[in-house]
Every structure is written in structure tokens, then in C-alpha cells.
Amino acid sequence: MPIFALVDCNNFYVSCEKLFRPDLKHTPVVVLSNNDGCVVARSKEAKALGIKMGVPVFKIRHEIERHGIVTFSSNYAFYADMSQRVMSILEELAPRVEVYSIDEAFLDLTGVEACTSLEGFGQLVKTTVGQWTGVQVCVGIAPTKTLAKLANHGAKSYPATGGVVDLTAKERQRKLMALLPVNEVWGIGGKLKVRLELMGIKTALDLADADPAMIRKRFSVVVEKTVRELNGISCLNLEEAAPTKQEIVCSRSFGERIQDFRVMREAISEYTSRGAEKLRGENRLAKRITVFIRTSPFNQQELQYSNAATLEMITPTDDTTSLVKTAHRGLQSIWKDGYRFAKGGILLSDFYDPKGYQPDLLDDSPDRAKNEKLMQTLDQINHSGLGKVFIAAQGIQKGWSMKRDFLSPAYTTRWSDVPRVK
DNA sequence: TCTGGGGTCCTAGGACCC
DNA sequence: TCTGGGGTCCTAGGACCC
């Protein structure tokens, strides 16, 4: 029987910010999404004040002032660096690790029991990560990933557990599941919760006791697997190697609404360039690009418009200039004057290996090799810290670029920002 | 006035073929 | 009035995750 552990950092983004701001130790702190739009992480103090996850900042302005809540713009370069430190420790402690997200990892603990108690191992993970990085984690241990997630949830919710829950015993599984609403189960979101509740399935335990065949018929194989996982039958394996990407998205809400075609073209050019850069980083070529724009769905007073265009290139490419040209055609085909656009972006898909694709006989676009050197040079300069080079279509003013009014310094990734001890 | 970004997987349904 | 059936492939859209 396999044993999984889920290690999850507590309030990760906020914890990162607090590491370098000991003065904020007991202060309520929140981290905001891109554009300083919504709350995406909350300190324990902020949670205690009733600040909800995902709430738009403008709705809690009053609370922020009244309670002196400190806000940070999200600083992904910093969080990604801290994440790497945590993950490399986990990789030292456990033989097999799946980095599941920026603040979570699954560990394979099969066989660990022979050497030490599972709970003891969980405590070791927790204290080691805490001492070496300052980041606090909780550990959930169980025979399936879905149960390990629930165990972790238990470890977070009940301080008496000491942040580690071993859920390998069947009775403990059922006891915890009876307490949890069905939408706390990994893979059950708001829509499924409503449909399940109509069938009388209200708790995680109700779902575990449901008939898998019936669930498959009424929902899907995904939910069926969830039911089996809740019963201790492992359906989801540990995925050590990151699977190759199927698509690359670059999209942003604009710092200010866009009403002018030329401005939108700049923004789309910028996202396309970034997408092309990511594509080269993944060592892939894309054959398809989707361009999309939309007004704000939150403002119902306003005229709404949302559209997307998908274009196919003759030959798969990673060349910024030809991708930007294609994106421009796409934008042209969906653009409409008279709207206040709130968001736009591009999606690259239908990927090919640069070494193994079939060139098209009728392709008359310039030889890929010519632009390859140019793209390499572009990436090199942009990664060197010497400055940034970009194509003219991206524009210079960028009034639309995102707001980040409360950004913390790059403590761990930029020499000039490394804190000084006086 | 102001509401994130980047992914995955599955399914239904249309297009197309014989 | 009567208007095949079965298969594959592709895409859009919906659901979920963090």
C-alpha cells in the first residue's frame, strides 16, 4: 500500500513577506493579486479579522484602515525563490517528491514506516523546513493523495495536532470526513457541491459512501476516482517529472481600461512576446495562437463584449516577430470600437518538438534559422540584467500595465535589495 | 472607480468519413 | 410519410486546482 504525505506551507505568500519584516510579526497582513485586485493570502491575524480569501481590495478598504492591515503586492520572483528553498529540503528528506504548486508538495513515504513512525517523520519535515527557511508547514499523511489533502486540512484546522496528521487508520479517516463539508474534498468545487447536495451528499463521508458507478454516470470519471481515493484506493500517482506543457497563457487585467485599438495592439504584442519567450524556455514550437479580449464582467451597467480568435500558423514557430504578426491579425478580426476593455491575452497551443516536426512544403515564411539567432540574443540580453530589449510593437508608455503599488524588495534575488544588518 | 493568472482534464457535439 | 449507422477527430466550454 502506498503512503503519501502532503506538505503545505502555511499562508505562504504572507509568511514570505513576514520573514524579512519581523516588525510585522503580530500584525494582520494580506498579499494582493496582480494589479492589486484581490486578496490572495492572509496572515492568521487577518483571517481572525474576517478577511475572506479572494475578496476585492476595494470592498475591504474600510477594514484595512480601521485595523491597520498591512498590504503587499504579490512578489512572485521572491516567493518562487523561497519555494525552491523549501522544495530542495523536501527532496533531501524524502526519496520521491512531486512539487504540486508553489507552496505544496506530495512525498512518497512508502517504506518509511519500517524506519520511523509516520507521524515522527512528519514532525521531522515540519521542524527542518521551519528551522532552515523560517517557513511553517503542515503535513498530512494517508494512503491516497485525496486523503493526504484532507489530512493536511485537518492538520491546519486543529492546532492540537501539532501540524501533522497521520490518516492511515480507516476509523480516523471516517471520523474526519464526517466533519468536513463535501466541497473541502480535493476536486469538488462550488458547482459540484450544489449538485451533490441536491442528492443528499453533504459531507466528505457521504461522498466516500456513494456508489462509484452511479457517480461516474451522473458526473464523470474524475469524480468517480475521487470517491475511490476517499476509500483508500489510490488512483492518482506521484508525478515526479513535470509533464510537458500543453499550452502557455499570457494574460493580464489592465491597470487602466483600454479603448484604443493601437493601445490594445501594444498590450497584445507584449503578451505575445512574453509567451514566445516562455515557449523558447520550454524548448517548444507552437502552431496555434488564440487572442482574446474582454470587458469587465463585474460591471453589468457597462456594455459587455468578449471574444477570441484562434489562428493556425503554417509552420510551428517560436519566433516572436511571426507570432506577433499572427496575433495582430487575430486581434484585428475581433476588435470592436466603443468598449472599455478590462483584460486581454494570448494562448499558445498545439506544440511541437523543434527537432521533430514536419516542415510545410508551401511555407514561404523566412527560414527559421535566420531568426533563431536573433531570438537567442534577445533572450540572453533580457536575462542578463543589463537591460531589456523588445520589439517596437510592444510600445513604450504602457499606461495599461499592471499596478503594483505595495511591492516588497527582491530580498533574495537582487543584490541591491539584500537586507543589511546594521 | 476599483474584482488575478496560469494551468489541467473531461465531455458534448459538430464535422467528416465510409 | 419515409430520411443509416458507426467511427474518429477536433474544438469549445465547463469544471477544477493553486
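What you see is a predicted model; the values in this text were computed from it and never measured.
- Between Ile346(A) atom CD1 and dG5(B) atom P the separation is 14 Å, expressed in whole Å.
- No salt bridge links Lys287(A) with Asp350(A); every basic N to acidic carboxylate O contact stays at or beyond 4.0 Å.
- The side chain of Asn299(A) lies closest to dC2(B) when the candidates are dT11(B), dC2(B), dC17(C).
- The CD atom of Gln301(A) sits 14 Å away from the P atom of dT3(B) (whole-angstrom rounding).
- Here dC17(C) presents its P atom at 12 Å from CZ of Phe106(A), a figure rounded to the nearest Å.
- Here Val55(A) lies out of heavy-atom contact (under 4.0 Å) with every strand.
- Using a 4.0 Å heavy-atom distance criterion, Arg252(A) is classed as a sugar-phosphate-only contact.
- Proximity note for Ser101(A) (side chain, C-beta onward) versus dA15(C), dC10(B), dC18(C): the nearest is dC18(C).
- Taking atom CD1 on Ile215(A) and atom P on dC10(B), their separation rounds to 17 Å, with Å as the unit.
- Within 4.0 Å (heavy atoms only), Val194(A) reaches no atom of the nucleic acid at all.
- Following rounding to the nearest Å, Leu311(A) (CG) and dA12(C) (C1') show an atom-to-atom distance of 16 Å.
- Within 4.0 Å (heavy atoms only), Leu32(A) reaches no atom of the nucleic acid at all.
- Of the candidate nucleotides dT3(B), dA15(C), dT11(B), dT3(B) has the atom lying nearest to any side-chain atom of Lys59(A).
- Side-chain atoms of Arg96(A) never come within 3.5 Å of backbone atoms of Glu240(A) as a donor-acceptor pair (strictly under, hydrogens ignored).
- Pairing for dG6(B) is with dC17(C), a Watson-Crick or G-U wobble pair whose two hydrogen-bonding atom distances lie under 3.5 Å.
- The C1' atoms of dC16(B) and dG4(C) are separated by 15 Å, rounded to the nearest whole Å.
- Under 4.0 Å is where a charged nitrogen must lie from a carboxylate oxygen, and between Glu229(A) and Lys225(A) no such pair does.
- Among the nucleotides dC2(B), dT11(B), dC17(C), the one closest to any side-chain atom of Ser220(A) is dT11(B).
- Judged by distance alone, with hydrogens and angles left aside, the side-chain atoms of Asn307(A) form no donor-acceptor pair with the main-chain N or O of Ile334(A) at under 3.5 Å.
- Ranking dG6(B), dC10(B), dC18(C) by closeness to the Ser251(A) side chain, first place goes to dG6(B).
- Using bins of under 30°, 30° to 60° and over 60° for the plane-to-plane angle, the ring pair Tyr100(A)/Trp186(A) lands in the perpendicular bin.
- The aromatic rings of Tyr76(A) and Tyr13(A) sit perpendicular to each other, their planes meeting at more than 60°, with 30° as the lower class boundary.
- A residue-by-residue look at Tyr76(A) and Lys225(A) shows that Tyr76(A) has its nearest nucleotide of DNA chain B further toward the 5' end.
- Using a 4.0 Å heavy-atom cutoff across all strands shown, Arg195(A) reaches no nucleic acid atom at all.
- Residue-environment remark: CZ (Arg218(A)) stays at or below the threshold of 12 foreign heavy atoms within 6.0 Å.
- Remark: Ser253(A) is in phosphate contact with dG4(B), judged by side-chain N or O atoms under 4.0 Å from OP1 or OP2.
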Using a cutoff of under 3.5 Å, can you pull out all pairs of nitrogen or oxygen atoms linking the protein to nucleotides 7-9 of chain B, with atom names and distances?
unit_1: dG7(B); atom_1: OP2; unit_2: Val249(A); atom_2: N; d: 2.7
unit_1: dT8(B); atom_1: OP1; unit_2: Gln246(A); atom_2: N; d: 3.1

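- Listed nucleotides dT11(C), dG4(B), dC10(B) differ in distance to Arg288(A); the shortest reach to its side chain belongs to dT11(C).
- Proximity of Arg257(A) to the phosphate of dT3(B): a side-chain N or O atom is located under 4.0 Å from OP1 or OP2.
- Counting non-hydrogen atoms under 4.0 angstrom, Gly190(A) reaches the backbone sugars and phosphates but no base.
- Here Arg340(A) reaches the OP1 or OP2 of dC2(B): one of its side-chain N or O atoms lies under 4.0 Å away.
- Put simply, Lys149(A) has a side-chain N or O that comes within less than 4.0 Å of OP1 or OP2 on dC18(C).
- Atom pair Asn183(A):CG and dC18(C):P shows a separation of 12 Å (rounding to whole Å applied).
- Listed for the Asp318(A) side chain is no donor-acceptor partner under 3.5 Å among the backbone atoms of Ala286(A).
- Around the NZ atom of Lys156(A), the shell of radius 6.0 Å holds more than 12 heavy atoms that belong to other residues, nucleotides or ligands.
- Within the nucleic acid shown, Asp103(A) comes within 4.0 Å of sugar-phosphate atoms alone, with no base atom in reach, counting heavy atoms only.
- For the pair Lys193(A) NZ and dC16(C) P, the computed distance is 12 Å after rounding to whole Å.
- Residue Arg216(A) is out of contact with every strand shown, counting any heavy-atom pair closer than 4.0 Å.
- For the pair Lys343(A) NZ and dT3(B) C1', the computed distance is 10 Å after rounding to whole Å.
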